[in-house]
Amino acid sequence: MARPCECQKLKQTKRLMKSSHITDEFRQMTFKTFDTKNKATEIQQMYAVTYNYAKAYVEIVEQKSRQNSICLLGQPGTGKTHLLTALSNVLIAKGVQVQYFPWVEGFNDLKSDFEASDEKVNRLQRVPVLFIDDLFKGRDHPTNWQLEQLFSIVNYRYLNNLAMLISSEKTMKQMCDFDEGIGSRINEMCKGYKVTIQRDIKLNYRLQE
């Protein structure tokens, strides 16, 4: 029986990694390099939920359910981006196409070239797994244009059972305050894989000596 050689798998992984727009630094973020020692219970729970999602991803996708996504919310500096990047790296190694979309830089890119924005949004709608990092970061309230574009992305993925990985400093309630249609869809898609860490500056590892 013919089997794909290891070199083909390696080439595919490199191609998927390049198309994901995950940086070289982010490629070094793994579950093994995430330190849970002496961390708060909430952070250990966040690690467990993300790790369990990684193990269950194939089964989740095969169920063709809307509840196929994960979101890590709340306090900055707790490792949300690290864990979802580690998850992305695992999925890419399995041959899954992942698109990384950092909220601020991503929308700046869309605004910089309106002629190409439709094509870029279409890709964000259709890619098998979309990783939105720091959702709603920046200004106190997203612009109407940002909300319109985001709704078109989230709604398409919601209707077509396409997974999202979402990190945000906002809570689900704050997302719904911005746009209930967006927030409620994300909430439904992430049932079972949602962690919210309440604001506590002591949990921000970037401020620890």
Side-chain angles (χ1 to χ4, degrees), residues 17 20-61 67-94 96 98-106 129-140 142 150 154 163-178 182-209:
M17 187 63 75
S20 73
H21 298 296
I22 292 175
T23 66
D24 290 338
E25 180 182 359
F26 275 25
R27 292 174 196 177
Q28 307 308 312
M29 294 181 178
T30 67
F31 287 109
K32 288 184 178 180
T33 60
F34 188 88
D35 183 17
T36 58
K37 186 178 180 181
N38 299 322
K39 289 292 194 302
T41 303
E42 303 98 304
I43 295 178
Q44 293 182 13
Q45 179 196 14
M46 184 171 68
Y47 175 94
V49 168
T50 311
Y51 186 77
N52 289 338
Y53 180 96
K55 291 196 300 182
Y57 174 77
V58 174
E59 180 181 347
I60 290 170
V61 171
Q67 296 176 12
N68 56 12
S69 302
I70 179 172
C71 61
L72 307 180
L73 311 175
Q75 173 63 40
T78 53
K80 300 186 296 293
T81 294
H82 183 137
L83 286 174
L84 292 183
T85 301
L87 170 57
S88 298
N89 290 333
V90 168
L91 297 183
I92 290 171
K94 291 181 178 181
V96 180
V98 179
Q99 175 72 49
Y100 177 65
F101 184 78
W103 174 260
V104 175
E105 295 86 347
V129 176
L130 176 61
F131 174 12
I132 304 179
D133 194 20
D134 271 328
L135 177 61
F136 294 129
K137 181 71 175 179
R139 62 178 69 220
D140 292 337
L150 180 62
V154 171
M164 293 190 293
L165 322 178
I166 296 174
S167 78
S168 179
E169 295 175 7
K170 307 301 182 184
T171 65
M172 196 59 67
K173 181 182 182 305
Q174 288 172 316
M175 290 187 192
C176 287
D177 287 342
F178 291 148
I182 293 172
S184 60
R185 282 167 173 77
I186 291 175
N187 187 64
E188 182 179 351
M189 293 174 74
C190 296
K191 283 182 179 177
Y193 295 97
K194 178 178 63 177
V195 178
T196 302
I197 298 182
Q198 299 303 316
R199 289 285 181 145
D200 184 349
I201 197 169
K202 294 178 182 178
L203 299 178
N204 189 331
Y205 74 88
R206 301 189 189 100
L207 299 177
Q208 296 172 4
E209 297 182 0

Point to revise | Phe131 side chain reached by Thr85 side chain, heavy atoms, under 4.5 Å | key: yes

Practice item. Working to the nearest 0.5 Å, report the span between CD of Gln75 and CG of Asn204. Key: 5.5 Å

Review point. Counting N and O atoms only, with roles assigned by atom type, does the side chain of Lys80 sit under 3.5 Å from a partner on the main chain of Gly74, one being a donor and the other an acceptor?
Key: yes

Exercise for review: Just do the side chain to side chain contact (heavy atoms under 4.5 Å, CB included) check on Tyr205 and Ile43 with the steps written out, would you?
Suggested key: CA-CA 11 Å; Tyr205 74 88; Ile43 295 178; over 6 Å; no

Review point. Atom CG of Leu73 and atom OG of Ser168: how far apart are they, to the nearest 0.5 Å?
Key: 6.0 Å

Check your understanding: At their closest point, which heavy atom of Arg206 faces which heavy atom of Pro76, and how far apart are they?
Key -> NH1-C, 4.2 Å

Practice item. Flag the pair Thr41 / Gln44 as yes when at least one side-chain heavy-atom distance between them is below 4.5 Å, and no otherwise. Key: no

Check your understanding: Under a 4.5 Å cut-off applied to non-hydrogen side-chain atoms, are Val129 and Tyr57 in contact?
Key -> yes

Review point. How long is the gap from NZ on Lys173 to CG on Asn187, to the nearest 0.5 Å?
Key: 13.5 Å

Check your understanding: Is a donor on one side and an acceptor on the other found under 3.5 Å between the side chain of Ser88 and the backbone of Leu84?
Key -> yes

Point to revise | Verdict with supporting geometry, Leu87 and Phe31, side chain to side chain contact (heavy atoms under 4.5 Å, CB included) | key: CA-CA 8 Å; Leu87 170 57; Phe31 287 109; 4.3 Å; yes

Exercise for review: Taking the side chain as every heavy atom from C-beta outward, state whether Met172 and Thr196 have any pair of such atoms under 4.5 Å apart.
Suggested key: no

Exercise for review: Any chance you could lay out the side chain to side chain contact (heavy atoms under 4.5 Å, CB included) test for Asn68 and Met189, step after step, and finish with the verdict?
Suggested key: CA-CA 6 Å; Asn68 56 12; Met189 293 174 74; 3.8 Å; yes

**Study point:** Distance, nearest 0.5 Å, that separates CD1 of Ile166 from CG of Leu72
**Key:** 10.0 Å

Practice item. Could you tell me whether the side chain of Ile186 reaches within less than 4.5 Å of the side chain of Val154, counting heavy atoms only? Key: yes

Check your understanding: Under the 3.5 angstrom rule, does the side chain of Glu188 hit a backbone N or O of Arg185 as a donor-acceptor pair?
Key -> no

Exercise for review: Measure across Met175 and Gly183 and return the closest heavy-atom pair with its distance rounded to 0.1 Å.
Suggested key: CB-CA, 4.3 Å

Point to revise | Ring geometry between Phe34 and Tyr47 (parallel below 30°, tilted from 30 to 60°, perpendicular above 60°) | key: parallel

Review point. Would you say the side-chain atoms of Thr30 pair up with the backbone N or O of Ala86, donor to acceptor, closer than 3.5 Å?
Key: no

**Study point:** Closest contact, heavy atoms only, Thr171 versus Gln174
**Key:** N-OE1, 2.8 Å

Review point. Would you say the side-chain atoms of Asp134 pair up with the backbone N or O of Val104, donor to acceptor, closer than 3.5 Å?
Key: no

Practice item. Using a strict cut-off of less than 4.0 Å between a Lys/Arg side-chain nitrogen and an Asp/Glu carboxylate oxygen, indicate whether Arg199 and Glu169 qualify as a salt bridge. Key: yes

Check your understanding: Could you state the interatomic distance from OG1 (Thr50) to NE2 (His82), rounded to the nearest 0.5 Å?
Key -> 10.5 Å

Point to revise | Derivation of the side chain to side chain contact (heavy atoms under 4.5 Å, CB included) call for Leu150 and Leu135 | key: CA-CA 10 Å; Leu150 180 62; Leu135 177 61; 3.8 Å; yes

Review point. Which atom pair, heavy atoms only, marks the closest approach of Pro142 to Trp103?
Key: CB-CZ2, 4.3 Å

Exercise for review: Enter the distance from Tyr100:OH to Ile92:CD1 here, rounded to the nearest 0.5 Å.
Suggested key: 12.0 Å

Study note, to complete from the structure: Closest non-hydrogen contact found for Tyr53 with Ala163 is OH-CB, 3.7 Å

